[in-house]
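Reminder, nothing fancy here: chain letters follow the sequence lines and each chain counts from 1.
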Amino acid sequence: MGLLFLPFQKVFYSVSAVADGTGEFLGSIGQLKNDNKKLLSENQALLARSAMLQDVESENVILRSQLNLLPRDHWNLVAASVVSQDPQGMGNWLEIDRGSDDGIAVGMSVVVSNSILVGRVQQVNAKTAQVLLLTNSKSTINASTSDGGTKGIIRGEYGLGIIFDMILQTDSIKTGDDVVTSGVGGEIPKGLYVGTVQEVHDSDDHLFQQAVVTSPLQVSKLQVVFVIKDAK
Amino acid sequence: MKKKFIYFVILFSAIVLQTSVLPLIFHGRPVGDLVLMFVLAGAVLDGFATFLWWAVFAGAVYDFATYTTVGLHSLIFLLVVYSVSFFSRRLSVEFKGVGLALLILFVAASSVISQIILGWQTIFEVQKAHGFFGPLGGLGVFSLEISYNTILFFVCFAILKKTKSFFTIE
């Protein structure tokens with residue numbers, strides 16, 4: 001059944017994405033000038049930070065090789081186009097135009113920009129696959145803060161958001177912390193970026209801490225994603 | 001045969017638009033349900049007996065296309081078509097006074113039925129209801145969903161009516 005819909009969904013999705021982008025651009029022309037000015041000053045600050053981070057990156061490569069961790073750019077990636085989304089608008093899943101014929105299997109991680117986690121493959125057909133997004137209530141992923149000190153579980157909230165849950169009361173977490181996959185369990189590679197902590201509060205039973213995590217992705221605008229097949 | 005082919009093309013187009021166009025336009029909830037409105041419009045125009053099996057078929061195809069539990073949308077569409085059958089078809093196709101009010105009532109009722117059944121399915125899958133009805137079941141969200149569906153219903157109604165007269169379908 002999916003094969004029947006696939007070619008039409010690809011065409012309509014691409015056209016809709018372009019039309020949506022054009023509409024947004026025309027509506028935002030007035031704001032572009034102010035944004036441009038703001039971005040120029042931000043760029044200067046980022047250039048300075050980039051220089052500092054290059055040193056950090058060199059150190060990171062050395063340390064990762066010492067710890068036998070996967071280098072970040074040594075994954076076999078399969079590029080896939082998004083052809084449809086959850087029709088109820090609950091932000092629960094995407095459908096991509098790659099399937100078992102392309103080596104895609106259930107459980108594979110799906111990313112964008114080589115390191116931002118989108119979700120995991122949940123169902124595979126010959127030519128298509130369904131990707132369960134992080135915001136889906138059935139999605140649970142082991143995660144930690146970027147410094148590795150605080151561990152917990154990332155779970156979705158009815159397609160609306162992401163919660164970093166089961167954080168011990170003794171662990172430290174604050175607004176602005178970056179959350180990445182911890183690699184526990186071996187299903188999802190370690191170090192894939194999930195989002196940034198927006199708010200921290202106690203769980204309902206007060207046994208754990210919970211954090212609301214904001215992803216940098218706008219899932220509804222995704223057109224191309226990458227499936228991590230394996231490490232090179 | 002001609003009718004079956006044309007209805008299938010319309011259903012097919014509605015599913016493609018629902019999965020590949022509307023989510024990009026609405027960017028998350030609420031999103032109108034084009035396929036549901038097509039089934040409702042078909043039930044209003046053709047009647048319960050004629051459209052019953054189309055509702056079942058449309059639901060099954062929709063479930064296969066959207067990775068939903070097969071039969072869920074068939075159940076929703078069956079309930080919608082069955083509800084429409086309680087009212088006089090002659091009365092419901094008049095776009096005046098009571099007829100128009102009835103049509104809007106059909107849209108609202110079918111939207112609510114659909115969201116309740118889909119919502120319960122989500123709750124059943126994740127085994128919890130806490131936090132679901134707040135963001136997703138609020139009055140504002142439902143009202144917007146019903147508004148979108150009302151517009152989509154009249155579009156589907158007009159398209160189906162024009163299609164039937166153009167292709168001289170009974």
Roughly how far, to the nearest 0.5 Å, is the OG atom of S16(A) from the CG atom of L17(B)? 8.0 Å
Mind checking the OH-OG1 spacing from Y13(A) to T19(B)? Nearest 0.5 Å is all I need. 10.0 Å
Side-chain donor-acceptor pairs under 3.5 Å in residues 105-112 of chain B, sequence neighbours left out?
{"unit_1": "S110(B)", "atom_1": "OG", "unit_2": "F106(B)", "atom_2": "O", "d": "2.9"}
{"unit_1": "S110(B)", "atom_1": "OG", "unit_2": "V107(B)", "atom_2": "O", "d": "3.0"}
{"unit_1": "S111(B)", "atom_1": "OG", "unit_2": "V107(B)", "atom_2": "O", "d": "2.7"}
{"unit_1": "S111(B)", "atom_1": "OG", "unit_2": "N149(B)", "atom_2": "ND2", "d": "2.7"}

Under 4.5 Å heavy-atom distance to chain A, tell me which part of F12(B) shows up: side chain, backbone, both or neither. both
Sequence neighbours excluded, the answer for side chain to side chain contact (heavy atoms under 4.5 Å, CB included) partners of Y193(A) is I116(A), D178(A), V180(A), T196(A), P216(A)
How many angstroms lie between CZ in F8(A) and CD1 in I15(B), if you round to the nearest 0.5 Å? 12.5 Å
Test of ring centre spacing under 6.0 Å for F64(B) and F5(A): no
Is Q9(A) reaching over with its side chain to a backbone N or O of S20(B), donor-acceptor style, under 3.5 angstrom? no
Determine the minimum heavy-atom distance between P23(B) and Q85(A), stating which atoms define it. CB-OE1, 3.6 Å
More than 12 foreign heavy atoms under 6.0 Å from CD of Q223(A): is that the case here? yes
Less than 4.5 Å to any heavy atom of chain A: does that hold for the side chain of L24(B), its backbone, both, or neither? both
If one checks every heavy atom of E95(A) against chain B at 4.5 Å, the contacting part turns out to be side chain
Separation between OH (Y67(B)) and CG (D86(A)), nearest 0.5 Å, reads 12.0 Å
